[in-house]
Amino acid sequence: MAVRIEHLVTSGQFSLDGGTWDVDNNVWIVGDDHEVIVIDAAHDAEAIAAAVGDRRLTAIVCTHAHNDHIDAAPALADLTGATIWLHPDDLPLWKQTHPDRDPDARLQDGQVIEAAGADLRVLHTPGHAPGAVCLYDPALGAVFTGDTLFQGGPGATGRSYSHFPTIIDSIRDRLLALPPETKVLTGHGDPTTIGAEAPHLEEWIARGH
């Protein structure tokens, strides 16, 4: 059975450093008719569970621990029995949202998260957050970038736990090295490709944010 990528948009709020913003988040579901994983359980556990349906949800993979990407993760895990995966460098951010619930498992650079024949390789891409990761599956021709790379440039680095030179290094060394036709499936907004973004690296550096 062919692996496929499904897309859900959920709405809620992002809060950090005393500010709060209304946001729409992309939730990605990867798998087949029997088994799936969810990338970024944002805002609405019941809507995500409804999209999963009667399939087995094996993992909830967090690209980073800003609250808008993880706020529904514990509730979704409770509904489905799925394992929550997070890079340990983002535990301080996770604790701001879920002080009484730890993630279940730790993401490591280079490991492969498997579901229904999809093999998502973890790329540690700090900058937007210390434990930010992207998930790359060559067979799907796609990389799930969370808030590391968007259509038009890097994710924001103006708040706590973020660093602009670090995100530039992550994008240059880890993401722009992928094949140019690779689809970039982002944490917010529209998809793009590695090839569409790669020519703009020097512009982003010159802009400096």
Side-chain angles (χ1 to χ4, degrees), residues 2-16 19-31 36-44 47-48 50-52 60-73 76 113 118 120-123 125-129 132-159 162 164 167-168 170-209:
V3 177
R4 62 184 184 271
I5 299 169
E6 298 164 38
H7 175 216
L8 184 68
V9 177
T10 58
S11 301
Q13 292 186 320
F14 165 55
S15 298
L16 188 67
T20 296
W21 299 265
D22 292 330
V23 286
D24 296 326
N25 283 63
N26 294 327
V27 179
W28 301 99
I29 301 171
V30 183
V36 295
I37 68 167
V38 161
I39 300 168
D40 287 348
H43 307 308
D44 192 336
I48 301 167
V52 169
I60 300 164
V61 183
C62 308
T63 61
H64 62 295
H66 284 150
N67 73 290
D68 57 319
H69 292 257
I70 63 166
D71 49 5
L76 183 61
I113 304 285
L120 293 163
R121 192 166 85 240
V122 176
L123 308 176
T125 52
H128 181 70
V133 301
C134 299
L135 301 161
Y136 173 55
D137 187 330
L140 289 173
V143 60
F144 299 88
T145 56
D147 288 2
T148 295
L149 179 62
F150 292 106
Q151 185 183 71
T157 52
R159 303 191 182 98
S162 63
F164 180 74
I167 202 172
I168 288 295
S170 291
I171 291 169
R172 178 198 289 117
D173 299 343
R174 308 306 304 277
L175 297 181
L176 299 188
L178 300 176
E181 66 274 12
T182 304
K183 294 189 294 286
V184 175
L185 303 178
T186 57
H188 309 270
D190 295 329
T192 181
T193 64
I194 293 295
E197 301 307 319
H200 302 290
L201 179 68
E202 296 305 321
E203 295 167 34
W204 306 334
I205 295 170
R207 251 188 358 231
H209 59 80

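Throughout, numbering of the chain's residues begins at 1 and tracks the sequence. Only this structure's heavy atoms are used, side chains among them; waters, hydrogens and symmetry mates stay out.
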Criterion side chain to side chain contact (heavy atoms under 4.5 Å, CB included) on Val61 and Leu135, from CA distance to verdict: CA-CA 9 Å; Val61 183; Leu135 301 161; 3.6 Å; yes
Nearest 0.5 Å, please: how far is CG in Leu76 from CD1 in Ile60? 4.0 Å
Of the non-hydrogen atoms in Ala72 and Ala42, which two are nearest, and what is the gap between them? CB-C, 4.0 Å
Ignoring hydrogens, what is the shortest heavy-atom contact between Arg174 and Leu123? Give both atom names and the distance. NH2-CD2, 3.5 Å
Test side chain to side chain contact (heavy atoms under 4.5 Å, CB included) on Asn26 and Val9 and set out the steps. CA-CA 5 Å; Asn26 294 327; Val9 177; 3.7 Å; yes
Taken to the nearest 0.5 Å, the spacing of Thr125 OG1 from Asp173 CG works out to 11.5 Å
Please check: side-chain N/O of Asp68 versus main-chain N/O of Ser15, any donor-acceptor pairing under 3.5 Å? no
Residue list, side-chain hydrogen bond (donor to acceptor under 3.5 Å, both in side chains) with Ser170, at least two apart or on another chain: none
Considering all heavy atoms of both residues, which atom of His64 and which atom of Ile70 are nearest to each other, and what is their separation? O-CG2, 3.4 Å
Please output the side-chain donor-acceptor pairs of residues 179-186 that fall under 3.5 Å, not counting sequence neighbours, one pair per line with the distance.
from, atom 1, to, atom 2, distance (Å)
Thr182, OG1, Pro179, O, 2.7
Lys183, NZ, Leu140, O, 3.4
Thr186, OG1, His188, O, 2.8

Scanning both residues in full, the closest heavy-atom pair of Ile29 with Ala51 reads CD1-CB, 3.6 Å
Strictly by modelled atom types, are Asp40 and Thr63 linked by a side-chain donor-acceptor pair under 3.5 Å? yes
Would you compute the distance between atom CZ of Phe164 and atom CD1 of Ile205 and round it to the nearest 0.5 angstrom? 6.5 Å
Could you give the distance from CD1 (Ile194) to CD1 (Ile171), rounded to the nearest 0.5 Å? 9.0 Å
For Thr145, check side-chain hydrogen bond (donor to acceptor under 3.5 Å, both in side chains) against everything at least two apart and list the hits. none
What residues, two or more places apart in sequence or in another chain, satisfy ring-ring contact (aromatic ring centres under 6.0 Å, His included) together with His200? none
Can you name the residues that form a side-chain hydrogen bond (donor to acceptor under 3.5 Å, both in side chains) with Asp24, not counting sequence neighbours? Ser11
By side-chain hydrogen bond (donor to acceptor under 3.5 Å, both in side chains) - contacts of Asp71 (at least two apart): His43
What pair of heavy atoms forms the shortest contact from Val143 to Cys134, and how long is it? CG2-CB, 3.9 Å
Going by salt bridge (charged side-chain N to carboxylate O under 4.0 Å, His left out), name the residues that satisfy it together with Arg172, two or more places apart in sequence or in a different chain. Asp169
Using 0.5 Å steps for rounding, measure from the OG atom of Ser162 to the CG atom of Asp147. 11.0 Å
Taking Glu197 for its side chain and Gly152 for its backbone only, find out whether a donor-acceptor pair lies under 3.5 Å. yes
Return the set of residues passing ring-ring contact (aromatic ring centres under 6.0 Å, His included) with Phe14 (not counting sequence neighbours), or none when no residue passes. Trp21, His66
Restricting to side-chain contact (heavy atoms from CB on, under 4.5 Å), what partner residues turn up for Ala196, sequence neighbours left out? Thr192, Thr193
Nearest 0.5 angstrom please: Glu202 CD to Ile168 CD1, how far? 8.5 Å
Do you know the tightest heavy-atom contact between Ala142 and Ile5? CB-CD1, 4.2 Å
